[in-house]
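In what follows, chains carry the letters A, B, and so on, assigned in the order in which the sequence lines appear, proteins first and then strands, with residues in each chain numbered from 1.
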There are 2 protein chains.
Amino acid sequence: MSLRYAILVDLCRGEGTGYEIAKRFQEGVGFSWKASHPQIYSELKKMADMGWVEFEKIEQESKPAKKIYRLTDDGLNSLKLWMDTPAEIPPVRDMFIIKMTVGDLATPSKLLREVLERKKFTMEKMAIFQQIEETHYKNDNQDPKYKFPQLSLRAAIITFEAHLKWFDELIEYLETLVKSES
Amino acid sequence: MSLRYAILVDLCRGEGTGYEIAKRFQEGVGFSWKASHPQIYSELKKMADMGWVEFEKIEQESKPAKKIYRLTDDGLNSLKLWMDTPAEIPPVRDMFIIKMTVGDLATPSKLLREVLERKKFTMEKMAIFQQIEETHYKNDNQDPKYKFPQLSLRAAIITFEAHLKWFDELIEYLETLVKSES
DNA sequence: TGCAGCATGTAAATAGTTACATGATTAT
DNA sequence: ATAATCATGTAACTATTTACATGCTGCA
């Protein structure tokens, strides 16, 4: 049921089509959840049947009619109920960490390349989030209304920092291995 | 196919029954992957059929016969091939972070309680990993053989530290909310 | 007496991904 | 020309969880 509530949270900020919601749930756009479009369409349909969301159908020329979804009072109430119940602590599921436990089975240079790739990826992502933090929430904008979204953003930034710290420890060791290899 | 390789990595350290492997993959035991026992049994069966693992059947009185699995040469070779191909970067999928973006919809005291619960949980987990790091890898034990497992452990510790840092930011804000609430 | 641990497995359900399908428009 | 964007959806598959099933032993 997680995706269901993730969508409700997304719709809290305003109405949107399944397509738009799906875009936000694509790899990397939002930090904390990922979902493909068929999953989102089917979940929206279920919630429309339950009356948690409603949609306005807008016909378009040369495109399928778009459905603009918004929360209903029922949906908002269900969301509020969920908000007060603890969320499950998710398992990690990162094969890269598993791989490291037996890193001696890999080719050091390839492992190093993989870490450098991850580091690059993480730095790019982090830059985006830091940008948002600076333009939206820093300095003047200390409106308590934005405090929660900002704190949520902090989760991403802090996590990325941690990953980078770990990557640097890996790189340090792997570089010694690659040097002695040649 | 991730679970498959996670099991192979696990079997690298030595033989084991499905039951034992499943225990290690339970919530919280290993840091980086989670799996239930039916999933592990079925994956072991598939890999036995492919010849990546083999097992020795040991009859027992009053218990079902146990199967002690170990890697075959084929399994080890497949694992080595996998080691040299980059692992996918996993999505995060933590509803707690999502929840924070609309934290104003929750009851502050309940949200605070949830954060404190997570903090406690994380500190307990981290203590276990730090213990392992100190007893197994610190001081005298600078054997390069243990360098990779140690680095893998560092991923957990560094990640936990990051979570704790974030939790403290949340707690600081939520405490002001709870105070002004009463 | 009742629960945890050992040890296997099957069956059913839910969650999530990938491929297929359509079709016009705009940018490269 | 080709790919990306808009916008929906279905179908098939893979991954994962939960419930059911068995049965003995040792502990509180």
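- The aromatic rings of A:Phe160 and A:Phe31 lie perpendicular to each other, with more than 60° between the two planes, well past the 30° mark.
- Distance, A:Arg4 CZ to C:dT14 P: 11 Å, rounded to whole Å.
- The residue B:Gln60 sits close only to the backbone: its heavy atoms come under 4.0 Å of sugar-phosphate atoms, none of a base.
- Rounded to an integer number of Å, the gap from CD of A:Glu88 to P of D:dT18 is 7 Å.
- Whole-Å rounding puts the A:Glu59 CD to C:dA24 C1' distance at 16 Å.
- Contact annotation for A:Ala65: backbone-only contact, meaning every heavy-atom pair under 4.0 Å involves sugar-phosphate atoms and none involves a base.
- Note: NZ (A:Lys67) to P (D:dC6) measures 19 Å, nearest angstrom.
- For the pair B:Glu56 and B:Arg70, the salt-bridge criterion is met [side-chain N within less than 4.0 Å of a carboxylate O].
- Protein atom CG of A:Leu44 is 15 Å distant from nucleotide atom P of D:dA7, rounded to whole Å.
- When the P atom of C:dT8 is taken as reference, atom NZ of B:Lys23 falls 11 Å away, rounded to whole Å.
- Note on A:Tyr19: every side-chain N or O is 4.0 Å or more away from OP1 and OP2 of D:dT8.
- Aromatic ring centres of B:Phe96 and B:Trp166 lie closer together than 6.0 Å.
- Using a 3.5 Å distance cut-off with no hydrogens or angles, the side chains of B:Thr107 and A:Asp84 do pair a donor with an acceptor.
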Could you walk me through whether A:Lys119 and A:Asp168 pass the salt bridge (Lys or Arg N to Asp or Glu O under 4.0 Å) check? CA-CA 8 Å; A:Lys119 183 180 176 176; A:Asp168 284 337; 3.0 Å; yes
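- Cation-pi geometry between B:Lys67 and B:Phe55 is met: the NZ or CZ atom falls under 6.0 Å from the ring centre, inside 45° of the normal.
- The residues B:Glu59 and B:Lys66 are annotated as not salt-bridged, no charged nitrogen and carboxylate oxygen being separated by less than 4.0 angstrom.
- Applying the 4.0 Å criterion to OP1 and OP2 of D:dG9, one finds that A:Tyr41 has every side-chain N and O outside that range.
- A residue-by-residue look at A:His37 and A:Lys63 shows that A:His37 has its nearest nucleotide of DNA chain C further toward the 5' end.
- Checking B:Pro91 against B:Lys45, the closest nucleotide of DNA chain C that is more toward the 5' end is the one next to B:Lys45.
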Could you run through nucleotides 11-16 of chain D and give me one letter per nucleotide, 5' to 3': B if any protein heavy atom sits under 4.0 Å from the base, S if only the sugar-phosphate is that close, - if neither? B---SS
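- The separation between B:Glu61 atom CD and D:dC24 atom P is 12 Å, rounded to whole Å.
- The CD1 atom of A:Ile40 sits 14 Å away from the P atom of C:dT18 (whole-angstrom rounding).
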